[in-house]
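Position 1 is the first residue of the sequence, and the numbers go up from there.
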Amino acid sequence: MSTETNKNARDTLRQAALTYHEVPRPGKLEIRATKPLANGRDLSLAYSPGVAEACLEIKDDPANASRYTARGNLVAVVSNGSAVLGLGNIGALASKPVMEGKAVLFKKFAGIDCFDIEVNESDPEKLADIVCALEPTFGAINLEDIKAPDCFVVEKLCRERMNIPVFHDDQHGTAIVVGAAATNALHVAGKEFGDIKVVSTGGGAAGIACLNMLLKLGVKRENVWLCDIHGLVYEGRTEDMNPQKAAFAQATDLRTLDDVIEGADLFLGLSGPGVLMPEQVGRMASRPVIFALANPTPEIMPDEARAVVPDAIIATGRSDFPNQVNNVLCFPFIFRGALDVGATEINDEMELACIEGIAALARATTSAEAAAAYQGEQLTFGADYLIPKPFDPRLSATVSTAVAKAAMESGVATRPLEDLNAYREKLKSSVFKSALLMRPVFEAARTASRRIVFAEGEDERVLRAAQAILDETTEQPILIGRPEVIEARCERAGLKIRPGVDFTIVNPENDPRYRDYWGTYHDLMARKGVTPDLARAVMRTNTTAIGAVMVHREEADSLICGTFGEYRWHLNYVQQVLGQGGLHPHGALSLMILEDGPLFLADTHVHSNPTAEQLAKAAIGAARHVKRFGLVPNVALCGRSQFGNQETETAQRLRDAIAILDSAPRDFCYEGEMNVDSALDPVLRERVFPGNRMQGAANVLIFAHADAASGVRNILKMKGGGLEVGPILMGMGNRAHIVSQSITPRGLLNMAAIAGTPVAHYG
């Protein structure tokens, strides 16, 4: 790449970064109220006189601060700007964009509220005094970008004087992620911590903390060789020394990095560009581990190191190379676990638990969400995938739970958790919005082992869902597709599952059941114009029809299809094969998970202009499914007409549907016809029609036109932040479900749980 091209790229990035920080409003943070403030009563509760009650409760018992204020979920990011990553001593004010960014990461990855506090104070003892004075406001303190050795002084004083966690992320966050990466790097290299020689460059806060962490993991102190800008740290050296460096001084006549690199198993660089020479890499031990973590330019570029030792295991601090050592893998989750148990400090046990949690995740199967966020990258455990990616959603539940457990076991938790499994599930639900709502469905599905056949078995989303099904449920996935394609895609996606071992396959091109399948299909369709030749062709090419035939023949219990292709095309074959026993689709039900709760919509796909009878059946079916989620159905039949104020064909169909529902006892509440705003706003509905039979907001909306239902569904997905579960095909006895083309692997797992519950389980 030419110098001019590099300059243009830098200029483009610079302008994009400045625009990002300035538009549409300056900065990256805002403060939002979490309680309503809409009227005088709200004001009297939020402030005077009601606020006094909360104040008095805290005065009587300081622990109540976590009950009545945000303190238990509030972290301060504190810096004096004396050692900002890659920028040096730029001062407190100039460090503010970095600290705001840190606060955003806390919120994004762990749901932790954060204030960034930039302090004009260079004296470490005075800075410690300021930080300690903040204790009443915060549940924990994150020290950031404070130069060494001042950072050691500030952290030591704050830890001694404060009764909340104080964590210097530049030290310990880096050390934890390095520890996790080193754990897995040695696993790949076939080496042990107790046997390796470590050579490190950089005697700053991060470098010293990383070396101390390696000692905790089993590295022997006599095997650690620390170099800084002045050369090797050796006994008797006086230049630029401090107690932290002196702890690693070697009794030797060697003086330079070049002198000590011979036979090193691990190079740990937290220094500057070009410090490690390719020739020196060649003198390291076999299968060397090289952590070149200087930013933006590493101590050695990965291609230079591999040109000398092709099997070197390399990590950097950059996102454009594999194995980025990024503190975001650690700090949100160690604080999450610490805050949730009211830890008084973050100790060694919690840090080691964090390391093991991060390392174990990389060795496990890659999550579908991480794969989607890093498309094109190979996320399979090995030399190029030692630690998880920051957007791996499993980090929260895995790491935070491990930290909370370690805090309780080490005796620093003031609010121990009664049920760690419940805590883990709660963290999962905060990441996967559907997790909490889907729990009753998964629990019901676990009572029966059902066989779920996936029509599009070669789709990577299906393969990831199959892995999750085997990990999280008792269901047995069956995939339709070519075995060699499925195996290759499992390998490419880093999945552990393999066809013929973990799940069965139906191969459309060559399956011993082919004759039986086309014969069954022909028997069903012979009087509908399907010839034997056409039946053979369908069973060679149409995976939805194959899956439906399997369910008909009771070789599978339910079919999931629709990851590509038009909904009604799939529905045609489902009806052909599975509609023979009196089953008829009543409608498609989409569950939209919104910030303020779930909302069910029907019919989004099946009937374009449903009759009154179809509307009534959709309402009955929707109410039945709502109960599966442990919810009480509140069904509104919606249209442009409101309680008889219009005489339209649509309004009449809705009224007739209400009459059908009224004709027999129902075990759910319903009302209509009405506008959507009346359905969702009880106060408005009562004003329009006093004494109506519905209480509270509707959680099910039945529409008289599929266009309306589908439009609301898509608006909620694209603009309302709604997460869809479904669509659920009602009326087919749970024997088939047709998903949308935009479904995710998590969505397919949710649909498998729905399909995995026998009809008898939910009436």
*Check Gln324 against Gly317 and note the closest heavy-atom contact, atom names and distance.*
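Answer, listing the atom of Gln324 first, then Gly317: NE2-O, 3.2 Å.
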_Heavy-atom closest contact (Val328 atom, Pro390 atom, distance)_ = CG1-CB, 3.4 Å
Going by distance alone, is a donor N or O of one side chain under 3.5 Å from an acceptor N or O of the other, for [X] and [Y]?
X	Y	answer
Asn142	Asp169	no
Asn323	Tyr385	no
Asn73	Arg336	yes
Glu100	His21	no

*Within 45° cone of Phe248 ring axis and under 6.0 Å: Arg221 NZ or CZ*: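 Pair Arg221/Phe248 counts as cation-pi.
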_Under-4.0 Å salt bridge between Lys216 and Glu349_ =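 No, no charged N to carboxylate O under 4.0 Å.
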_Pair Arg237, Asp228 - check side-chain contact (heavy atoms from CB on, under 4.5 Å), show working._
CA-CA 12 Å; Arg237 192 181 111 173; Asp228 63 9; 2.6 Å; yes
*asked:* Below 30° counts as parallel, above 60° as perpendicular, anything between as tilted: where do the rings of Phe106 and Phe335 land?
replied: perpendicular
*Check ring pair (Phe, Tyr, Trp, His ring centres under 6.0 Å) between His187 and all other residues, then give those that pass, not counting sequence neighbours.*
Phe381
*So Ile112 and Lys107, side-chain contact (heavy atoms from CB on, under 4.5 Å) or not? Walk me through it.*
CA-CA 5 Å; Ile112 294 172; Lys107 188 67 173 179; over 6 Å; no
